[in-house]
Protein chains: 2
Amino acid sequence: MRPLFHPAIEDVRPEAILHALADPSRAAIFAKIMRAGCVEACSAVSAVGDRVIPKSSLSNHFKVLREAGLIRSERHGVEVRNHSRWTEVEARFPGLLAGIINAYASDIDSDVRAAKTAASQ
Amino acid sequence: MRPLFHPAIEDVRPEAILHALADPSRAAIFAKIMRAGCVEACSAVSAVGDRVIPKSSLSNHFKVLREAGLIRSERHGVEVRNHSRWTEVEARFPGLLAGIINAYASDIDSDVRAAKTAASQ
DNA sequence: CCCATAGTTCGGAACTTCGGAACTAATGGA
DNA sequence: TCCATTAGTTCCGAAGTTCCGAACTATGGG
C-alpha cells in the first residue's frame, strides 16, 4: 500500500488549511484529534455529532486533513494513528488554528441548530 | 434589480467565512478592501496578481464574500461600493480574520511561485 | 490458510465553479 | 428624448469536485 503523504511544513498553504477546515465535519475531526493529542484509528471518529460518516467519506476527510498539513498519520498494523501538527502549523501561521477552532467552538447556537435540524429529518 | 443580501452578524457562520477565504483570489480581494477601508466599484479589483478575473467571476466572488458576512456592498448609482465588516466579524470571532490574513501575508514565497513574474507588488 | 478488522480505491450521481454572451440599470451627452 | 457608455448581474453549458456504496487491499490472530 502506498505510503501516506505529508507535506513539509514550508509547503503547507493557507488555502489548503482553510479549505480543509471549511467543512464542519473535518473541523470537528481535527478539533477532536487536537484535544485528544492523538487519535488511534480513523474509525474512532465514526460520527460527528449525531451524524454517522461513511467509511469512504471518513477516509477522504483524513486524507484532506493530512494533505493540508494539519495532521500526521502513521500506520500501526491494521490501523492508522493520527496526531495534530498544531505546533508546526502554529509556528508557520501564528494564530490561524486558534482563530478557526475558537470560531467553531463559539458558534454554539449553530451546533444546536444543526443538531435539531438533523434530528428532525 | 434585486437588493443585495447581507446576513445579520449573528447568522454569520465560520464555515462560510473559511470557504470564502479558502480561495486565494477572494482572500486577496478581501485583504484589499480591508486595507483600503472601502473599495469603490467591484471593477477596481479587476485583476489579482497578474491574473485578470472575468466580470462574471468577479461578480460571483463579491457575492460569496457578501453572503459569508465579510463585506457590505451598497449600490451608488451605476457602481457598488464595498466595505469590510471586520469590526463586526472580529467581535463575533476574535482573532479569526487576523489569523487568516496574516497566514496569506506570510505565505509570500508561494505568491511569488504562483505569480511566476512577480516583479511588482 | 481463513477470517475479521481497518482503511483505500473505484465509479457514478449530485453538486459546485468558471467564464462567455446576453442582459439590466444608471448616467451623461446630443 | 434617444442613444452610448459604464458597471454589474444572470444564464447556461462545460469542467471540476464531492459524496458514498461496493469492491478491494493490507495486517494480525487463531
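Chain identifiers are assigned alphabetically (A, B, ...) following the order of the sequence lines, protein sequences preceding nucleic acid strands; residue numbering begins at 1 within each chain.
- No donor-acceptor pair under 3.5 Å is formed between the side chain of B/S57 and the backbone N or O of B/I53.
- Judged by distance alone, with hydrogens and angles left aside, the side-chain atoms of B/H6 form a donor-acceptor pair with the main-chain N or O of B/S73 at under 3.5 Å.
- Set against C/dG19, C/dT8, D/dG8, the side chain of A/R66 has C/dT8 as its closest nucleotide.
- Picking from C/dT9, C/dC18, D/dT9 the nucleotide with the shortest atom distance to the side chain of B/D23 gives C/dC18.
- Between A/K55 and B/H61, the residue anchored closer to the 5' end of DNA chain C is A/K55, taking for each the nucleotide with the nearest heavy atom.
- Rounded to whole angstrom, the span from the CG atom of A/L65 across to the P atom of D/dT18 amounts to 13 Å.
- Distance CZ (A/R81) to C1' (D/dT27): 14 Å, rounded to an integer number of Å.
- Of the inter-residue distances, the one linking B/I29 atom CD1 with B/M34 atom CE reads 14.0 Å to the nearest 0.5 angstrom.
- B/R75 places its CZ atom 8 Å from the C1' atom of D/dT9, with the value rounded to the nearest Å.
- Whole-Å rounding puts the B/L4 CG to D/dT9 P distance at 7 Å.
- Checking C/dG19, C/dT9, D/dG8 against every side-chain atom of B/P54, the shortest atom distance belongs to C/dG19.
- The shortest heavy-atom contact between B/V48 and B/S25 is CG2-O, 4.1 Å.
- Residue B/H19 is in sugar-phosphate contact alone, with no base atom involved, counting any heavy-atom pair closer than 4.0 Å across all strands shown.
- The residue B/R51 sits close only to the backbone: its heavy atoms come under 4.0 Å of sugar-phosphate atoms, none of a base.
- One end of the helix from C/dC1-D/dG30 to C/dA30-D/dT1 points its axis 10° away from the other end's axis, with each axis taken from 5 pairs and the angle rounded to 10°.
- Distance CG (B/N60) to C1' (D/dG13): 16 Å, rounded to an integer number of Å.
- At a threshold of 4.5 Å between non-hydrogen side-chain atoms, the residues B/R13 and A/D107 count as touching.
- In terms of heavy-atom proximity, B/V89 sits nearest to B/G69 at CG2-O, 3.5 Å.
- Atoms CD (A/E67) and P (D/dT18) sit 12 Å apart, rounded to a whole Å.
- Between B/I53 atom CD1 and C/dG20 atom C1' the separation is 16 Å, expressed in whole Å.
- Separating the NE2 atom of A/H76 from the C1' atom of D/dA26 is a distance of 15 Å, rounded to the nearest angstrom.
- Looking at which nucleotide of DNA chain D each of A/S57 and A/V78 is closest to, the 5′-most match is held by A/S57.
- Interface remark: the B/S56 side chain does form a donor-acceptor pair with the C/dG19 base, using a distance-only criterion of under 3.5 Å.
- Side-chain atoms of A/R66 never come within 3.5 Å of backbone atoms of A/R72 as a donor-acceptor pair (strictly under, hydrogens ignored).
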